Amino acid sequence: MSMKPLTILGIETSCDETAAAVLRLHEHGPEVLSDIVLGQAAQHAPYKGVVPEIAARAHVEGLDGTIALAMREAGLGFGALDGVAATAGPGLIGGVLVGLTAGKAIALAHGLPLIAVNHLEGHALSPRLSGKGATFPYLLLLVSGGHCQFIAVMNVGVYRRLGTTVDDALGEAFDKLAKLLDLGFPGGPLVEQAARAGDSTRFSLPRPLLGREGCDFSFAGLKTACVREAERLGAPNYQDKADLCASFQAAVLDIVTDRTRNAMALFDPIWGAKGRLVAAGGVAANLALRGKLEALAAERNYDFVAPPLKWCTDNAAMIALAGAERLRLGFSDELSFVARPRWPLDEAAAASRPSHAPGRKGAKA
Ligand code: KG4
Ligand code: ZN
């Protein structure tokens, strides 16, 4: 039976990007009709991190215009939509409320189904936006400002967490180092840039959990070691900073490679055939990390897929895709759906290890 294409407006406001996108899901895959991201970096930069109150206000001010632009670029009126998908968590709750409420209002006014999307599901499905190769099932490394986990993505809505961070998320570690070295905001790309000019052997930094079994992560020890080295440097010049960034990034790459090897060993018996490794989330925009993962995948006879850089960081196209996929399966949500500051993707795994606080995306300051 051939499927009618579904046209979905996606809304994303869970952190510091105000985003709206229109996506059409055809039987053969998604088509992004518009994809607007209004960043807030300038508002947060003086504080060197995301300030939740400022983020929520900026979403209020920017969301209407962002949605209007997304609809205009798609050349559609609300009547042409089949549904509205809005991020309903996890994230900074003020921002999530702004986007979810806007989504509910549009759904109510135009008699459309609402799909309350888990932001992590958006990231998990984002490699499917470009339609190249990310067929189910795949081993997902989700690395963002609030999350660092391995998930076996079996199908839409079927996620099994294999490992997670026991302390900080990887993006958070990048952001903290940038703040420590006064590199600017947002931190991740600036650390990557500085690392390119640095000597990665100058500082010997710890690699927590390296060689241990399983595929959990820990970055607290690495972060503390960076703080200690920065204190020792006193007033570092740019070369000092670049060397510390390069040494940090080298440690990160060693850790991620080691953990990914173990995650593959856990994933292989679940799947069996040639595996597929997928990286998503803001830190997956890091080219050194992508290169390392690609090499590891080749070594282990895995395919490697990562979304284009613009779909690694927060965007609404991935939310629209998650909404469309869910709607296609017959899922939609009540207008009374309550926004969730915490919302793990694999609820069963999260419940068994509550101390790991998965699914939380807090201020990245
Ligand atoms: O997915 P995302 O936009 O927001 C969350 O859901 O958290 O991820 C943002 C995170 C930030 O911590 C940012 O510093 C990091 O991704 N990031 C990077 C790079 N680009 C963004 N980290 C390392 N290297 C990059 N090139
Ligand atoms: Zn995100």
Side-chain angles (χ1 to χ4, degrees), residues 120 123-124 127 136-154 158-174 176 200 203-226 247-281 283-284 286 288-306 344-360:
L120 301 177
H123 279 302
F136 300 123
Y138 49 81
L139 173 62
L140 170 74
L141 169 62
L142 175 56
V143 272
S144 69
H147 302 279
C148 188
Q149 40 190 271
F150 285 106
I151 297 168
V153 178
M154 307 311 291
V158 188
Y159 311 106
R160 198 165 132 197
R161 200 182 68 198
L162 304 177
T164 186
T165 181
V166 298
D167 41 54
D168 301 333
L170 184 50
E172 202 178 336
F174 270 91
K176 292 241 168 79
S200 65
F203 299 96
S204 121
L205 299 171
R207 280 131 170 90
L209 296 184
L210 199 88
R212 300 271 286 276
E213 68 175 37
C215 58
D216 282 341
F217 290 94
S218 167
F219 294 106
L222 174 59
K223 199 178 68 188
T224 310
C226 287
S247 303
F248 165 82
Q249 200 170 270
V252 165
L253 296 184
D254 283 351
I255 295 166
V256 174
T257 305
D258 176 79
R259 305 286 82 195
T260 307
R261 262 206 191 93
N262 287 3
M264 286 167 156
L266 291 170
F267 182 72
D268 284 338
I270 298 177
W271 173 225
K274 184 177 163 84
R276 214 171 343 270
L277 174 66
V278 165
V283 188
N286 185 294
L289 180 74
R290 286 164 92 106
K292 256 289 193 285
L293 292 172
E294 199 165 5
L296 176 62
E299 177 196 313
R300 297 290 299 257
N301 195 30
Y302 267 59
D303 287 328
F304 177 67
V305 185
L345 199 48
D346 174 351
E347 312 233 7
S352 68
R353 287 195 298 181
S355 62
H356 289 186
R360 182 155 197 278

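Remember, predicted model here, so these are calculated numbers, not experimental data.
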Mind listing the closest non-hydrogen atom pair of Asp168 and Ala220 along with its distance? OD2-CA, 3.9 Å
Partners passing side chain to side chain contact (heavy atoms under 4.5 Å, CB included) against Ser218 (at least two apart in sequence or in another chain): Val166, Asp167, Pro208, Leu209
Please list, chain by chain and in numerical order, all residues satisfying side chain to side chain donor-acceptor pair (under 3.5 Å) with Arg290, sequence neighbours excluded. none
For Lys292, which residues count as a side chain to side chain donor-acceptor pair (under 3.5 Å) partner, sequence neighbours excluded? none
So which atom in Ser144 and which in Gly281 form the shortest heavy-atom distance, rounded to 0.1 Å? CB-CA, 4.2 Å
From Leu142 CG over to Leu170 CG, what is the distance, rounded to the nearest 0.5 angstrom? 11.0 Å
Of all residues at least two apart in sequence or in a different chain, which pass the side chain to side chain contact (heavy atoms under 4.5 Å, CB included) check with Ala295? none
At their closest point, which heavy atom of Gly275 faces which heavy atom of Phe267, and how far apart are they? CA-CE2, 4.5 Å
Got Leu222 and Val252 here, is their nearest side-chain heavy-atom distance under 4.5 Å? yes
Looking at Ala284 and Leu289, what are the two nearest heavy atoms and their distance? CA-CD2, 4.4 Å
Going by the rule side chain to side chain donor-acceptor pair (under 3.5 Å), which residues pair with Tyr138 if we only count those two or more places apart in sequence or in a different chain? none
Would you say Asn286 and Phe174 make side-chain contact, with heavy atoms under 4.5 Å? yes
With a 4.5 Å limit on heavy-atom distance, are the side chains of Leu141 and Arg259 in contact? no
For the side chain of Arg160 and the backbone of Asp346, is there at least one donor-acceptor N/O pair under 3.5 Å apart? no
Counterpart residues, ring-ring contact (aromatic ring centres under 6.0 Å, His included), relative to Phe217 (two or more places apart): Phe150, Phe219
Which residues share a side chain to side chain contact (heavy atoms under 4.5 Å, CB included) with Leu266, sequence neighbours left out: Leu162, Cys215
Can you tell me how far apart NE2 (His123) and CG (Leu140) are? Round to the nearest 0.5 Å. 10.0 Å
Who passes side chain to side chain donor-acceptor pair (under 3.5 Å) against Arg212, sequence neighbours left out? none
Measure the shortest side-chain to side-chain distance between Arg261 and Leu296 over non-hydrogen atoms and say whether it is less than 4.5 angstrom. yes
Nearest heavy-atom contact between Asn262 and Gly214 is ND2-O, 2.9 Å
Nearest-0.5 Å distance, NZ of residue Lys223 to NZ of residue Lys176: 3.5 Å
Do Leu120 and Ile151 make a side-chain contact, defined as non-hydrogen atoms from C-beta onward lying under 4.5 Å apart? no
For Thr257 and Leu253, the nearest pair of non-hydrogen atoms, with its separation, is OG1-O, 2.6 Å
Asp258: salt bridge (charged side-chain N to carboxylate O under 4.0 Å, His left out) partners, not counting sequence neighbours: none
Separation between NE2 of His147 and CD of Glu172, rounded to the nearest 0.5 Å: 10.0 Å
Suppose we screen for salt bridge (charged side-chain N to carboxylate O under 4.0 Å, His left out). Which residues come up paired with Asp254, at least two apart in sequence or across chains? Arg207
Side chain to side chain contact (heavy atoms under 4.5 Å, CB included) partners of Ala265, counting only residues at least two apart: none
Given side chains that start at C-beta, do those of Tyr302 and Asp268 come closer than 4.5 Å, heavy atoms only? yes
For the side chain of Asp216 and the backbone of Thr164, is there at least one donor-acceptor N/O pair under 3.5 Å apart? yes
